[in-house]
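Keep in mind the model is a prediction, meaning the values are calculated, not measured. Naming: A, B, ... by sequence-line order, numbering from 1 per chain.
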2 protein chains.
Amino acid sequence: MANQLSLSIDRSSPVPLYHQVVQGIEAAIHSGILEPGSRLDNEIDLAAQLNLSRPTMRKAMDELVRAGLLVRKRGVGTQVVSSQVRRPLELSSLYDDLSNNGKKPTTDVLSFSHIEADAATLTALQLPAGSKVYHFTRLRKVGGKPLALMENWVRDDITSMDEAQLAKEGLYAILRRGGVNFRLASQRIGAMIANDYQAPLLEAEVGSALVTMERTAVDDTGRMVETGHHVYRADSYSFEMTLVQR
Amino acid sequence: MANQLSLSIDRSSPVPLYHQVVQGIEAAIHSGILEPGSRLDNEIDLAAQLNLSRPTMRKAMDELVRAGLLVRKRGVGTQVVSSQVRRPLELSSLYDDLSNNGKKPTTDVLSFSHIEADAATLTALQLPAGSKVYHFTRLRKVGGKPLALMENWVRDDITSMDEAQLAKEGLYAILRRGGVNFRLASQRIGAMIANDYQAPLLEAEVGSALVTMERTAVDDTGRMVETGHHVYRADSYSFEMTLVQR
DNA sequence: AACATCCTAATGTCAGGACAAACTATTGAC
DNA sequence: GTCAATAGTTTGTCCTGACATTAGGATGTT
């Protein structure tokens, strides 16, 4: 009711209609046109307003519900949820996160080697014995201040890489250019105390708090592409996410 | 091809058909009938085998892809992803998590009060000035060993609660019985060092690593129901999750 | 005035069809 | 033998239509 939300749908665009709707409503919410708590028109009217079918409209709203921007209730309607909630955790790299926020991260490559994988890596990446992997440690800084210390293992049968590349761009950018389509990642977040090795690199005291993250990423063919162990200064980094009830 | 996966669909059941399919395939994967890496029949054949329409079949597979169990590729087919990946982070409480894993958590209520909310809480729960909230701190133990120290603020206009209830069951169970339907939660995970207050309660050294979690939960009407600040012993708890590329 | 009942509006589920786009593998030409 | 065009398979998108289920208000009765 009373929410015209004049989106424009471009049927000749290659981007799917439902996704155009998602982007439109997302923009309307972030720009304040759709206020938190306000109710949207019902699905059928909305679909009619945009000359779309109801399933298409529903698919768009499904995504927004999953993203935590909308809340639906049968027999009642659809509401804009408080904009205070944050974006869900996405499959992206720290480099992407920082770049998107306008920061300019730099990377020091502390070590780089192309070696035979040890047992733990073979298991994590599900590789046959004797496989070789890239192994490297990097220090990421933002504004000259160290933020993260990252150790990664990457299978070598996808794309080749070298130290210079890693210093210039993010690991995920390199892999994506190498033809990897990431599909999902499994990660574990915990905490630890900075040890003698980590502390000086991160310019922190030995014994200060660090956030730890272990991640293994899988591509669209089901291959384990990369596994890593990262630690972050707890005073500069934390993980934000929105959980949605299914 | 060659994957019959003989599911049985009960059309008289109140549980939606697509959800029955989700459960069936999920069970087949976990029981090993569908091996990691194996390809499923195409959507149309699968739908025909189960006497379902393709949209219904697709909706089921959509959920499984989102859950990280399947991987689809246009022009190729659908594959079972390695079962090594873990469950996605769900909107549940620590109490639920532990109970589901067969552990028997106990709860000490350290403090409990029904007071006027301070400024930070008013903001977090988006309440009008002068509102009252429940405020309490709890210590959760598993097998007699302290695991988490939790401080929560809950709005009081939904359901009443007391110390005895909190000692006996989880906060989310109480709220759900009070008619709250949780929809989403926004949370932030980080790390800190145990201080003089936390360390003895958690039976840890001052200066040991703690995982911190701040969460605000929203119900299906868009109300902020609960906000809390929890700390966990880093040697006993970490957050596992599966991220899926959209 | 309090309660139970009916009605309405909205989302939830399901069907069947059509075409588009992407990937594979085969076929054909050079 | 190598490369490019082509055909076939499979998922991706979009449509129309129908009925079920739920929440909440309106209505009527006691």
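Salt bridge annotation for B:Lys132-B:Glu116: absent, with no cationic side-chain nitrogen under 4.0 angstrom from a carboxylate oxygen.
In this structure, A:Asp10 atom CG and D:dC14 atom C1' are separated by 16 Å, rounded to whole Å. Regarding B:Arg58, its CZ atom lies at a distance of 7 Å from the P atom of D:dT13, rounded to whole Å. As rounded to whole Å, 13 Å separates atom C1' of D:dT13 from atom CD of A:Glu63. Whole-Å rounding puts the B:Ile44 CD1 to C:dC19 C1' distance at 12 Å. Nucleotide C:dA9 holds its C1' atom 10 Å from the CZ atom of A:Arg39, rounded to whole Å. Between the CD atom of B:Gln79 and the P atom of D:dT10 there is a distance of 14 Å, rounded to whole Å. We find that CG of B:Asp41 is positioned 14 Å from P of D:dT9, with the value rounded to whole Å. The distance from atom CG of B:Asp219 to atom P of D:dA23 is 14 Å, rounded to the nearest whole Å.
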- Base, backbone or nothing for each nucleotide of nucleotides 15-22 of chain D, written B, S, -, heavy atoms under 4.0 angstrom, 5' to 3'? BB-B--BB
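Distances shown here put a side-chain N or O of A:Thr78 below 4.0 Å from the OP1 or OP2 atom of C:dT11. Applying the 4.0 Å criterion to OP1 and OP2 of C:dG12, one finds that A:Arg72 has a side-chain N or O inside that range. Residue B:Tyr18 places none of its side-chain N or O atoms closer than 4.0 Å to OP1 or OP2 of C:dC14. The shortest distance between the side-chain N/O atoms of A:Lys59 and the OP1/OP2 oxygens of D:dC14 is not below 4.0 Å.
By the salt bridge (charged side-chain N to carboxylate O under 4.0 Å, His left out) test, A:Glu43 pairs with A:Arg54, A:Arg58, A:Arg72, sequence neighbours left out. Applying the side-chain hydrogen bond (donor to acceptor under 3.5 Å, both in side chains) test to B:Asp157 and every residue at least two apart in sequence or in another chain returns B:Arg155. Here B:His19 pairs with nothing under the ring-ring contact (aromatic ring centres under 6.0 Å, His included) rule; sequence neighbours left out. Taking the salt bridge (charged side-chain N to carboxylate O under 4.0 Å, His left out) definition, one finds that A:Lys59 meets it with nothing, sequence neighbours left out. Here B:Thr56 pairs with B:Ser53 under the side-chain hydrogen bond (donor to acceptor under 3.5 Å, both in side chains) rule; sequence neighbours left out.
Each of B:Lys73 and B:Pro16 was matched to the nucleotide of DNA chain C holding its nearest heavy atom; the match closer to the 5' end belongs to B:Pro16.
A side-chain donor-acceptor contact under 3.5 Å links B:Gln165 to the backbone of B:Asp162.
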